[in-house]
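Some notes on the structure that comes next.
In what follows, every chain begins at residue 1, and chains take the letters A, B, ... in the order their sequences are listed.
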Amino acid sequence: MQRTWTAPFAWVGRSAVETAAAFGRFGVFGARAGRAVADVATWGRMLVVQMARLGVASLPIALFIAAFTGIVLSLQASYTFTGTVPEYFVGTLVGKTVILELGPVLTGLALAGRVGANIAAELGTMRVTEQIDALETLGYDPVSYLVIPRVVAGVLMFPVVVACADAVGVAAGWVTALNLLDMSTPEFVRGLRLFFLPFDVQYSLVKAASFGFAVTAVGTHFGFHTAGGAEAVGRSTTQAVVVSSMLILVLDAFWAVALL
Amino acid sequence: MKRSNEVLVGLVVIVGVMVVVFGTIWLKGVKPGRERTDLVARFDRVGQLLEGGVVKLRGVPIGRVEKIALDSTGDGVLVTMSIRSDVQLPPEAVVVLSPESLFGDWQAEIGGKADPDFESYDYAQPVGAGVLPGYSLPELSRITAVADQIAHDLAILSDRFQEAFTTETAKNIRLAIENIQQVSEQLTGLVGKQQSAFDSVAADLTRTSQAAGQAAETLDRAFTEVEAAIGGGKLTGIVDNVQRSSVRVDSLTTELMAASRALRRMALGADTTLRRMGTIATSLERGEGSLGMLLRDTALYYSLAEGSVQLQALLKDIREHPRKYINLTVF
Amino acid sequence: MSIELRGIRKAFGPRVILEDVTLTVEEGETLAVIGYSGVGKSVLLKSIVRLLEPDAGTVLVDGQDVGLLPREQLLELRRRIGYVFQFAALFDSLSVFDNVALGLRRQGSMNEAAIATRVGESLRLVELEGFEERFPGQISGGQRKRVGLARAIATRPRYLLYDEPTTGLDPVTTAVIDRLILKLARELGVTSLVVTHDMKSAYRIATRIAMLDQGRIRFVGTPAEIQQSADPVVRGFIEGRPELAQEVA
């Protein structure tokens with residue numbers, strides 16, 4: 001009974017400790033992963049499979065999102081510019097927005113759901129069914145075998161997926177401008193090229209790579225540290241999606257501050 | 001299964017890399033595989049030109065601005081442009097920087113020094129061999145100032161129009177015409193002939209009036225001779241009448257001369273302004289300046305140019321058929 | 001050459017699982033560790049290969065202190081120990097062949113042909129020839145356990161650790177697995193440590209039986225000795241009479 005009034009303080013204290021512990025675990029995990037990177041022989045063999053699963057299989061959803069984003073941007077830009085700004089600025093807006101922001105971020109968020117959840121659920125299940133322990137007993141470092149190939153595949157394939165998404169987004173905006181907005185190709189292309197810098201593409205790809213890292217690192221971390229049964233796998237999956245989505249937005253802001 | 005994964009990943013990665021490489025090249029507007037050469041020009045300043053800005057020759061894009069750097073002396077800017085090497089530059093090539101659109105993107109335009117479009121600028125002296133002289137057009141604020149001046153001139157012009165058509169002037173002119181009608185009653189053939197001349201040009205009024213004066217004098221002399229010949233009687237009355245008329249014609253002449261002088265001054269003023277507008281319009285048509293770019297894209301330029309043409313026609317018409325307008329106001 | 005556990009202690013938070021466990025597995029024997037569910041038998045097993053780090057005490061395998069080994073040597077040591085998991089822990093994405101070959105591929109000392117031969121041998125030992133191309137999802141629970149066994153023995157380890165090898169299996173399949181354990185001990189000459197709560201199995205396969213209770217080893221002896229034990233806790237467990245154990249508590 002005496003403890004009732006201290007309960008909130010205890011809760012705050014416990015939360016603080018847990019948060020610190022979570023970061024600590026992630027740090028230890030990172031350090032372990034850092035060592036495991038050296039074990040190229042192990043993760044190198046797994047890489048192609050993961051690249052196919054994380055990257056190639058994610059293309060349809062990424063391109064689907066990009067196409068509709070391009071269409072909507074094109075229409076909205078035209079609606080906003082009516083009368084005051086020349087029509088060809090639709091091209092500028094579509095190109096800049098898709099390449100700089102929506103291509104990488106929407107793809108990142110979609111893949112946080114698709115790839116992050118997939119990784120967390122898979123590794124979580126492997127953890128609770130002792131498959132990760134089994135790897136250890138077979139002489140494998142499970143971090144090199146399971147974590148590194150996924151993270152490396154994420155860092156390599158996210159930019160590829162985002163590059164395709166950027167292209168499809170711009171193309172969709174273009175087709176929309178031609179068919180629904182009465183614009184001509186030279187007009188749209190002129191707007192597209194108006195303020196274009198090769199740096200925009202680099203920026204997009206750097207963002208994509210960082211999102212790939214965030215999604216796969218968070219997914220593997222939560223999956224790897226699942227403890228319990230099926231319910232724990234579900235919890236890890238949810239956490240992985242939530243945390244990696246937030247991390248994507250934070251990284252997005254970070255790159256905007258750091259690079260622009 | 002593993003094999004097909006490899007193929008799939010390989011394909012997607014290749015597509016991704018190609019999208020990045022060719023997309024960037026395409027968006028930059030550079031045609032790959034074409035020979036390119038560097039061209040350097042020196043400027044006093046470069047306005048808002050940025051690296052990556054378009055380089056044009058006779059309006060055709062032929063390259064991009066590669067590098068912008070202060071020159072070693074510090075009082076000039078060296079701009080390096082990468083252009084297609086198959087392009088034949090005009091003799092005595094110069095480079096003019098100007099806004100490409102109203103939105104802050106500038107272009108570098110190459111032209112011959114002898115070209116009327118390029119001759120009037122104050123180019124920076126090139127230092128070193130192979131460096132072209134360059135000039136940067138004033139920025140938007142300066143163009144706005146010029147536009148302001150035009151607006152001011154137009155305001156003065158319209159004031160002068162109002163001054164010219166006061167009721168006083170109208171009354172005078174009506175009076176004058178009444179007088180002329182009176183004269184015409186009495187000197188039908190003569191004045192009738194003069195009136196047709198008067199109809200045509202305001203400036204001719206002076207001559208017409210002078211002619212009318214001379215005619216009156218001649219008439220006077222004729223009448224005096226007739227009087228001397230016949231002497232006294234009704235004739236004196238007629239002569240008096242004619243003399244009075246001739247005085248009135250004189251005063252009419254003076255008034256008309258004053259009126260026509262005002263008209264001419266006004267026309268001259270309008271002419272100057274319009275010529276200035278014409279100059280600006282011509283340079284706008286050439287696409288010089290941010291405003292020029294905007295105008296070329298919209299209908300505004302055309303309406304302005306059309307307006308100035310109409311105004312000019314109007315003034316010409318006023319000069320040639322003043323009565324048409326005076327009538328309108330007076331009657 | 002043996003596995004030695006000295007004063008092992010392991011707690012999860014405030015819950016102490018192993019208090020003070022000292023046990024030696026002699027070369028060539030099959031030692032069964034029995035005890036109630038949740039008593040820490042699996043924890044003991046995992047401590048041997050350092051899947052779990054004991055809070056105190058030392059584990060010696062072939063005289064090497066497992067807790068002090070650097071990572072590379074630990075991985076090397078693990079390759080000398082086959083571990084059979086309770087639910088087989090097969091990799092769902094890999095075929096039976098690839099599951100069994102995984103440890104061999106890691107060693108890197110065999111070419112693909114030799115690996116294929118060894119995988120075939122191992123599967124023959126667990127009587128699952130012809131299952132190479134199946135996936136874990138396509139075979140029964142008992143077959144999965146046998147694949148797990150084949151995977152554990154593929155590298156020809158000196159030690160085999162079994163975690164509840166017969167739990168959840170029908171009596172016939174249980175007998176098959178028990179026979180396999182004996183066969184492997186005989187044909188491969190491995191030293192085995194079997195964690196189980198199935199007394200019938202323990203009697204069948206073990207040369208010695210140890211009982212783990214309340215974080216300590218309560219009894220060690222041959223099957224014959226344990227059947228004659230006067231300890232009520234031991235008797236209560238082996239005869240399935242909880243009331244005997246409760247009297248002591």
Side-chain angles (χ1 to χ4, degrees), chain A residues 14 17-18 21 28 31-50 52-54 57 118-119 121-146 148-150 153 223-230 233, chain C residues 12-13 42-43 45-53 66 70-94 98-109 136-137 144 147-155 157 159-164:
Chain A
R14 208 164 44 239
V17 169
E18 276 167 11
V28 170
R32 201 175 154 188
R35 279 199 304 275
V37 172
D39 188 8
V40 182
T42 303
W43 62 258
R45 258 183 300 152
M46 307 301 295
L47 191 58
V48 169
V49 178
Q50 294 305 328
R53 287 180 51 191
L54 303 190
N118 179 299
I119 291 176
E122 189 185 9
L123 264 57
T125 306
M126 290 184 80
R127 170 61 79 190
V128 302
T129 57
E130 296 183 312
Q131 290 180 44
I132 291 178
D133 286 341
L135 273 178
E136 295 240 18
T137 64
L138 292 171
Y140 284 89
D141 180 352
V143 176
S144 335
Y145 191 81
L146 298 173
I148 303 299
R150 284 171 173 76
F224 203 78
H225 293 105
T226 304
V233 175
Chain C
F12 291 101
S42 297
V43 173
L45 222 48
K46 284 182 178 167
S47 299
I48 294 171
V49 288
R50 216 167 109 190
L51 288 176
L52 289 173
E53 306 252 1
V66 175
R71 183 132 192 102
E72 267 315 303
Q73 286 185 40
L74 176 68
L75 293 178
E76 194 275 322
L77 173 115
R78 281 173 177 168
R79 285 176 217 141
R80 279 182 271 149
I81 301 174
Y83 198 115
V84 183
F85 288 88
Q86 189 172 353
F87 300 106
L90 300 181
F91 303 107
D92 309 314
S93 54
L94 300 181
D98 287 331
N99 262 289
V100 177
L102 207 57
L104 297 170
R105 292 204 169 116
R106 172 65 188 172
Q107 287 184 331
S109 55
R144 271 210 288 276
V147 174
L149 202 51
R151 184 175 69 186
I153 61 171
T155 53
Y159 303 99
L160 272 175
L161 309 180
Y162 296 91
D163 191 359
E164 308 271 12

Arg79(C): partners by side chain to side chain donor-acceptor pair (under 3.5 Å), with sequence neighbours left out
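Arg79(C) satisfies side chain to side chain donor-acceptor pair (under 3.5 Å) with no other residue.
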
Heavy-atom pairs under 4.5 Å with chain C - which of Leu135(A), Thr137(A), Asp141(A) has more of them than the others?
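Most pairs with chain C among the choices: Thr137(A).
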
Is any side-chain heavy atom of Tyr140(A) less than 4.5 Å from a side-chain heavy atom of Arg78(C)?
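Side-chain contact under 4.5 Å: no.
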
Which atoms of [X] come close to chain A, meaning under 4.5 Å heavy atom to heavy atom: side chain ones, backbone ones, both, or neither?
X: Glu76(C); answer: neither
X: Arg50(C); answer: neither
X: Asp92(C); answer: both

Of all of Leu74(C), Leu90(C), Ile81(C), Val49(C), which one pairs up most often with chain A through heavy atoms under 4.5 Å apart?
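Sorted descending by pairs with chain A, the first entry is Leu90(C).
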
Looking at Gln131(A) and Ala89(C), would you say the former's side chain and the latter's main chain have a donor-acceptor pair under 3.5 Å?
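Not confirmed, Gln131(A) side chain does not pair with Ala89(C) backbone.
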
Check for a donor-acceptor pair, side chain of Tyr83(C) on one end and backbone N or O of Asp133(A) on the other, with a separation under 3.5 Å.
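No.
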
What part of Arg127(A) lies closer than 4.5 angstrom to a heavy atom of chain C: side chain, backbone, both or neither?
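Arg127(A) has no heavy atom closer than 4.5 Å to chain C.
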
Under 4.5 Å from any heavy atom of chain C, what part of Thr129(A) do you find: side chain, backbone, both or neither?
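For Thr129(A), backbone heavy atoms alone lie under 4.5 Å from chain C.
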
Could you please spell out the steps behind the salt bridge (charged side-chain N to carboxylate O under 4.0 Å, His left out) verdict for Glu130(A) and Lys46(C)?
CA-CA 11 Å; Glu130(A) 296 183 312; Lys46(C) 284 182 178 167; 2.8 Å; yes

By salt bridge (charged side-chain N to carboxylate O under 4.0 Å, His left out), which residues pair with Arg106(C), not counting sequence neighbours?
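Scan of Arg106(C) (salt bridge (charged side-chain N to carboxylate O under 4.0 Å, His left out), adjacent residues dropped) gives Asp39(A).
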
